[in-house]
Amino acid sequence: MYANIREQWRRSLAEAGLTLVDGSFEEGATVNSKTDAVWYIAGGQCYTWDGSLSKTVAPRATPESTGGIGAGAWVSTAIVSLRGALLTEDSQLLVDDSRVKIKQPFLGAIARSQHVKNREEASVMDCGAIGDGALHPLSEFYSSLADAQAVYPFVTSLSQSIDYAAIQSAINSGSHWTVAPRDKRRSFCLTDTLRISRNNSSLDLNGSELKIVDPTGLKSHILIQSDDNTQIQGNYLRNVTLVNEHPSTVYQVKTVFTGGLWVDHCIGWSPSYGHTYGFIDLGNAIICNIINCVTEGMKDSSVNMHGTGLDANRTVDVCMYDNRFVDGDYGIKAGNYTEGVFARRNIIYAQRVATVGLIPDSKATAIGSIKLQEIDFDSPNLTGYFLYARYVKNVQVTGSWFSGTLAAPMIKLEETDSVLIEGNQAYPKDAFVADNGIGTTIVGNMVVGGTVAVQFGAKADRTLVASNNIRGVIVAVDAGTHPNALSVKSNHFEASSSGISWTSNSKHVIEGNTGDNVRGVTTSSYVGNSPYVSYTGPRPESISFRKASGIMSIVVNDVEIYNSVDGTPTPFIGIGTLPPHTKFSVVFNPANSPWLNIVKC
């Protein structure tokens, strides 16, 4: 029995790399190595000695009587065996997490290795990041570049920061998420651009800061681009604050051929206007989402979108929701080959060129399909615009707020096509809309204040101004400057000079507007020659004739509506109200010419 138990102990200890020495605590024994173990028969355990060697055990001893149990004394082989099972092959200080199983304490939980659990995200602190706001070059930790490259193969100089090397290493680890701890906000100093080049590789710093220390101003904080310049997909930036220590000439985040990108709860900060060039540059991007972000002081723009061509080279389907962009040249800027932009519930404040700029270089590079909804266009610089659009097609501006002391038109359209401006509330100092496009539709807006609310350029055509409430202006609609087709219908105007400026353009239709100071104007003129042919003007007109007993025939739009043969001549004939641009003609006895009465309606 004794021999069998001893043999079992010997084999078990041998598997753990330990040697069972002759004897026991009861019989006496000698220990010459850290891996020598002595059997304590009464206690049913074996022990190794953690003190100085060699160690002699007298007969009839116990672990407690010959040095005690604990560090520097006797250590149970159960602990030693577990330690050996957990240690990695190449280190006596690290635990091999693949050898540890875990299981959560709730129904449905399964056992997994700690290694699998740890790979769910890579902490930048696990890779050596410090994040104390100070610049720590690799030279503080490594005596040679070769030593540093043994840990961080991608580094090229010992002047590069440990924070940069650590965060890039975590990104390169293959984990879906690279994270910073949640215990407190940290500031990581970068000397180089972090590169995300793999699908589904995401960064969440839990509110910590990336501060790039780049005196040249040429390095972005983050570049999202695949190594072979094919489309990269499924990346997230979340809870990241971006800061430039030195003035920059590049965007903090730059993307090239991205798809399915999310930028969520990030901050792009500049200590003053112009110090930081811009927040995010989307080049050849598709299905990108920028939500709940805040920027301040961007020199160029907070969000810049552009493509290099049609089809796969466009930037298309970009959503921007619930952001706040403050004090830049542009809040949102869309350039060449940009299509499908949806901005909603954004506050865009104090921009210097335009709150939103839709500014492709030419009609050939312009696309469009842009929807701006529930935007707070607030207090731009005195020389800028709220919205400046040129060449683009199919744009909607709806349900938004315009307020500020801008000494220029709030919305300026140059050679645009099919722009809808609907349901907005505006308080201009100058004009609400300066339209020089085709198919512009301005409906259902409330405009209070300004000079001339709606103005037109030489290329304006097929314009509709309808159902607006425009008050406190000098002129509501400057119809006289519109050279082509214009309809002004069912608006309410309160203007100190003119609801609608005078126009006799045969392409204009003006009807049903209250506050039109031309409405109700009455004229009476002598009709000298027969036959007399005329047209109503842009407004509906009530037409009648007095001293009409000499009239023999009246024709409206080539249909005869009166003939003296059919009845007794009368001194007064009323035709009624005719629509704009209606042709009518009168044949009468020249010896008894009638007078034409016109009332503008």
Side-chain angles (χ1 to χ4, degrees), residues 1-106 109-120 122-130 132 140-143 147 150-151 162 166 181 183-184:
M1 182 70 174
Y2 171 88
N4 289 339
I5 295 175
R6 184 176 185 85
E7 178 61 18
Q8 290 175 10
W9 272 114
R10 187 191 67 77
R11 292 180 181 180
S12 177
L13 293 174
E15 291 178 359
L18 303 176
T19 302
L20 182 62
V21 300
D22 294 336
S24 63
F25 278 91
E26 287 82 357
E27 300 166 329
T30 300
V31 175
N32 295 307
S33 169
K34 294 286 187 182
T35 59
D36 287 348
V38 179
W39 183 17
Y40 180 33
I41 300 172
Q45 292 193 55
C46 294
Y47 291 86
T48 61
W49 177 249
D50 194 35
S52 58
L53 297 170
S54 63
K55 174 68 172 177
T56 299
V57 178
R60 294 180 297 279
T62 66
E64 290 83 356
S65 67
T66 56
I69 298 173
W74 294 107
V75 178
S76 170
T77 56
I79 297 175
V80 176
S81 298
L82 176 61
R83 182 187 300 160
L86 295 179
L87 292 178
T88 58
E89 294 181 0
D90 59 349
S91 174
Q92 292 298 303
L93 299 175
L94 303 177
V95 172
D96 183 351
D97 59 358
S98 67
R99 301 183 185 184
V100 180
K101 291 283 187 178
I102 60 170
K103 183 179 179 181
Q104 299 288 356
F106 47 75
I110 63 171
R112 296 192 297 161
S113 76
Q114 185 65 47
H115 179 72
V116 172
K117 178 71 174 175
N118 290 343
R119 283 296 299 271
E120 291 177 356
S123 171
V124 299
M125 310 307 285
D126 289 340
C127 296
I130 297 175
D132 62 358
E140 289 184 13
F141 309 92
Y142 302 97
S143 59
D147 289 342
V151 181
I162 188 68
D183 60 335
K184 66 177 181 179

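- Distance OG/S24 to CZ/R6: 7.0 Å, rounded to 0.5 Å.
- Here the CG-CD1 distance, from D50 to I69, works out to 12.5 Å after rounding to the nearest 0.5 Å.
- Minimum heavy-atom separation, V21 to A29: CG2-CB, 4.2 Å.
- The nearest pair of heavy atoms linking S76 to Q45 is OG-OE1, 2.7 Å.
- Residues G70 and V75 come closest through the heavy atom pair O-CG2, 3.8 Å.
- Among all heavy-atom pairs drawn from D36 and N32, the shortest one is OD2-N, 3.0 Å.
- Contact annotation: the side chain of W49 never approaches that of V38 to less than 4.5 Å [non-hydrogen atoms, C-beta and beyond].
- Residues F141 and I130 have side chains in contact (heavy-atom distance under 4.5 Å, counting atoms from C-beta outward).
- You'll find the side chain of Y40 reaches within 4.5 Å of the side chain of E26, heavy atoms only.
- For the atom pair CD1 of I5 and CD of Q8, the computed distance is 7.0 Å after rounding to the nearest 0.5 Å.
- Two residues are said to be in side-chain contact when any heavy atoms from C-beta on lie closer than 4.5 Å; C46 and L20 meet this criterion.
- Shown here for A166 and G128, the closest heavy-atom pair between the two residues is CB-C, 3.7 Å.
- Residues L53 and V31 meet the side-chain proximity criterion, which asks for heavy atoms closer than 4.5 Å.
- Within the 4.5 Å cutoff, no side-chain heavy atoms of K55 are placed close to those of T48.
- Here the side chain of W74 pairs no donor or acceptor atom with the backbone of T62 at under 3.5 angstrom.
- Here E15 does not pair with R11 in a salt bridge; the nearest charged N to carboxylate O distance is not below 4.0 Å.
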